[in-house]
> 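Let me give you the structure first, and then I'll get to my questions.
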Protein chains: 2
Amino acid sequence: MTKELTQQDYKDLLYRQFALVGKAVSSNRRLELLDLLCQGERTVEDLARETGASISSVSQHLQVLKTAKLVNSRKEGLYVYHFLADESVGEFWRALRALAFSRSAELREMVQSIVEGRDDLEQVSHEELMERARRGEVIVLDVRPEVEYQSGHIADAVSIPIDRLEAHLKELPKDREVVAYCRGPYCLFSLEAVDLLRSHGYKARRLIDGYPEWEAGGRPVQRGENSKPHRSEQSSDHHRS
Amino acid sequence: MTKELTQQDYKDLLYRQFALVGKAVSSNRRLELLDLLCQGERTVEDLARETGASISSVSQHLQVLKTAKLVNSRKEGLYVYHFLADESVGEFWRALRALAFSRSAELREMVQSIVEGRDDLEQVSHEELMERARRGEVIVLDVRPEVEYQSGHIADAVSIPIDRLEAHLKELPKDREVVAYCRGPYCLFSLEAVDLLRSHGYKARRLIDGYPEWEAGGRPVQRGENSKPHRSEQSSDHHRS
DNA sequence: TTGTTATTTTAGTGTTCGCTTGAATACAGG
DNA sequence: CCTGTATTCAAGCGAACACTAAAATAACAA
């Protein structure tokens with residue numbers, strides 16, 4: 001009969017509900033999954049392959065994310081596609097990341113030693129990229145896997161996944177600087193790309209963070225097929241303003 | 001020394017660091033502590049008393065919050081005062097709360113059944129309170145414990161802690177509406193206050209959320225002693241049960 | 001129907017968590 | 001110094017968690 005909640009019950013239930021979200025983001029594995037899902041929906045198999053965890057383990061982690069209502073799924077044929085329940089989930093994940101980064105000196109040092117240690121040139125800001133892309137001064141290069149590019153990319157970016165970059169280098173003109181971007185500020189793809197490009201004589205820099213941040217910032221994006229992927233150069237009929 | 005990090009190592013370390021923050025907010029007890037610390041610094045004993053947990057347990061939870069760098073402490077004499085390491089921690093906690101609230105229908109129903117079920121009049125928004133307080137149409141009533149009031153309160157608010165409200169009712173004029181506020185949207189103090197006030201013939205409503213949100217919104221605040229309510233009566237509630 | 005594939009569920013196991021008790025530490029004030 | 005108080009530390013124990021392996025579902029195809 002105790003439909004009546006004591007204040008203690010209320011308090012406990014309340015914080016327990018909030019803690020569900022906390023539990024969801026309390027495991028490095030689940031954060032990894034969330035981060036991948038920020039780049040677009042995936043099947044369990046995809047996630048297992050990309051994270052290196054077992055299928056079963058991934059499935060169980062996804063259940064936790066689903067009970068916290070952070071992730072939804074849709075079934076299509078044999079596959080179950082999982083995706084972020086809401087864009088606010090991505091925002092939250094980035095907020096958590098930013099908080100951890102701002103609070104933890106160890107984390108900052110670690111990232112600096114790996115990310116900034118490699119990069120002697122400053123990273124490109126969103127504003128700078130917007131401006132220089134508008135003037136046709138740079139090539140915007142998306143080095144994420146192609147499905148992620150198709151699920152959404154910076155407007156007018158070219159897609160060459162990092163593992164195919166070396167083979168497709170010649171598709172990039174050498175007369176303009178290349179700005180590479182990937183999944184986010186902690187993703188190493190664009191760093192690798194910059195290294196590779198520079199070692200081949202390109203002028204290259206890295207966008208300061210990745211596609212999710214660009215999109216969340218309301219910058220222009222496109223979805224779907226590569227507009228001008230890797231074929232002839234077709235020159236920059238794009239300039240002007 | 002500089003052990004070479006494989007990409008796998010890097011990824012694991014990185015997400016593990018982020019997960020530290022997640023772990024910190026994955027326990028209802030710790031969220032309760034965080035929520036209290038949003039109202040001002042406290043000793044371990046304070047927190048244990050207010051949450052009903054044991055001293056030792058609270059101390060251990062605080063260590064978790066400290067390793068995640070969300071909480072700092074300062075020693076003063078015999079006591080250790082714990083406080084949020086940064087205002088961004090409070091922001092993050094509110095963001096988590098908001099995310100859970102927006103994503104969980106159960107949570108919304110639970111809160112609605114308790115909070116809004118009691119309150120037939122709509123809650124007061126920040127804007128409305130600003131405007132009507134400016135015109136002197138309302139009394140702003142802080143029903144949190146006095147130390148929280150002193151650590152920061154809405155400008156020109158009167159402090160009457162909820163457990164002393166009934167005894168001090170006569171200090172409130174009946175010709176103006178009373179707007180009560182407390183710790184936040186899920187705190188029940190202001191609801192109790194509204195019930196009590198109405199049952200004594202006052203016109204009363206509740207601010208939609210509490211002091212932390214008001215302050216975070218950049219609204220005018222004050223700190224320190226009560227300006228003009230009943231004079232400080234020593235509030236020596238310092239005995240425990 | 002049977003078989004195949006993708007995913008979830010179930011058990012089992014070692015690890016971590018959360019709380020309790022009791023001891024150890026740190027500090028203020030005789 | 002010693003005494004009292006606030007807090008942390010350490011050990012123990014049951015519960016919850018993370019992963020693996022195996023079995024059970026679900027959707028589809030032949």
Side-chain angles (χ1 to χ4, degrees), chain A residues 8 11-12 15-34 36-37 41-68 71-83 147, chain B residues 8 11-12 15-34 36-37 41-68 71-83 147 236-241:
Chain A
Q8 185 70 261
K11 192 191 69 176
D12 264 33
Y15 285 110
R16 225 173 274 276
Q17 286 285 330
F18 294 142
L20 279 185
V21 175
K23 281 191 211 297
V25 294
S26 68
S27 143
N28 50 333
R29 289 292 195 188
R30 284 194 287 271
L31 291 180
E32 219 177 322
L33 297 179
L34 270 187
L36 284 174
L37 293 176
E41 64 176 20
R42 267 154 234 251
T43 69
V44 178
E45 202 180 16
D46 290 337
L47 292 166
R49 179 171 29 76
E50 297 192 71
T51 63
S54 77
I55 300 251
S56 184
S57 179
V58 169
S59 176
Q60 287 170 83
H61 280 306
L62 285 171
Q63 301 314 312
V64 177
L65 292 171
K66 284 167 80 171
T67 57
V71 165
N72 278 338
S73 58
R74 129 186 107 77
K75 188 146 195 176
E76 187 179 308
L78 272 182
Y79 296 87
V80 178
Y81 290 88
H82 296 265
F83 49 91
V147 287
Chain B
Q8 184 71 261
K11 192 190 70 175
D12 264 34
Y15 285 111
R16 225 173 274 276
Q17 286 285 331
F18 294 142
L20 278 187
V21 174
K23 280 191 210 300
V25 294
S26 67
S27 143
N28 51 333
R29 288 293 193 187
R30 284 193 286 271
L31 291 180
E32 217 177 323
L33 296 178
L34 270 188
L36 284 174
L37 293 177
E41 64 177 19
R42 268 152 234 251
T43 69
V44 178
E45 201 180 16
D46 290 337
L47 291 166
R49 179 171 28 78
E50 296 192 71
T51 63
S54 77
I55 300 255
S56 185
S57 178
V58 169
S59 175
Q60 287 170 83
H61 280 305
L62 285 171
Q63 300 314 310
V64 176
L65 291 170
K66 284 167 79 171
T67 57
V71 164
N72 279 338
S73 59
R74 126 188 109 77
K75 187 146 195 176
E76 186 179 310
L78 272 181
Y79 296 87
V80 178
Y81 290 88
H82 296 265
F83 48 91
V147 286
S236 70
D237 217 0
H238 218 72
H239 305 68
R240 15 126 228 213
S241 64

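Below, read A as the first sequence line, B as the second, and so on, with proteins coming before strands; counting in each chain starts at 1. From a predicted model like this one, the values you see are computed outputs, not experimental measurements.
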> Looking only at the side chain of B/V80 (C-beta and beyond, no hydrogens), which of the listed nucleotides D/dT7, C/dG18, D/dA6 gets closest?
D/dT7

> Tell me which of A/K23 and A/D46 sits closer to the 5' end of DNA chain C, going by the nucleotide each one is nearest to.
A/D46

> Rounded to the Å, how far apart are B/L31 CG and C/dG18 C1'?
15 Å

> For A/L78 and C/dA6, give me the distance from atom CG to atom C1', rounded to whole Å.
6 Å

> Taking OP1 and OP2 of D/dC19, is either one under 4.0 Å from a side-chain nitrogen or oxygen of A/R29?
yes

> Mind calculating the distance between CD (A/E45) and C1' (C/dT4) to the nearest angstrom?
13 Å

> Would you say the side chain of A/S56 and the base of D/dA21 hold a donor-acceptor pair, judged only by whether the two atoms sit under 3.5 Å apart?
yes

> Using a cut-off of strictly less than 4.0 Å, decide whether B/S59 has a side-chain nitrogen or oxygen near OP1 or OP2 of D/dT7.
no

> So, is A/S54 near the phosphate of D/dT20, with a side-chain N or O under 4.0 Å from OP1 or OP2?
yes

> How many Å lie between OH on A/Y79 and C1' on D/dA27, as a whole number?
12 Å

> Look at B/H61 and C/dC19 and indicate whether a side-chain polar atom (N or O) is within less than 4.0 Å of OP1 or OP2.
yes

> Counting only side-chain nitrogens and oxygens, does B/Q60 get under 4.0 Å of the OP1 or OP2 atom of C/dC19?
no

> In terms of the angle between their ring planes, are B/Y81 and B/Y79 parallel, tilted or perpendicular, with boundaries placed at 30° and 60°?
tilted

> Given C/dC27, D/dC17, C/dT8, identify the nucleotide with an atom nearest to the side chain of A/V44.
C/dT8

> How about A/V71 and A/L34: do any of their side-chain heavy atoms sit closer than 4.5 Å?
yes

> Hey, does the side chain of B/H82 come within less than 4.0 Å of D/dT8's phosphate (OP1/OP2), counting only N and O?
yes

> Roughly, in whole Å, what's the span from NZ in B/K75 to P in D/dT8?
8 Å

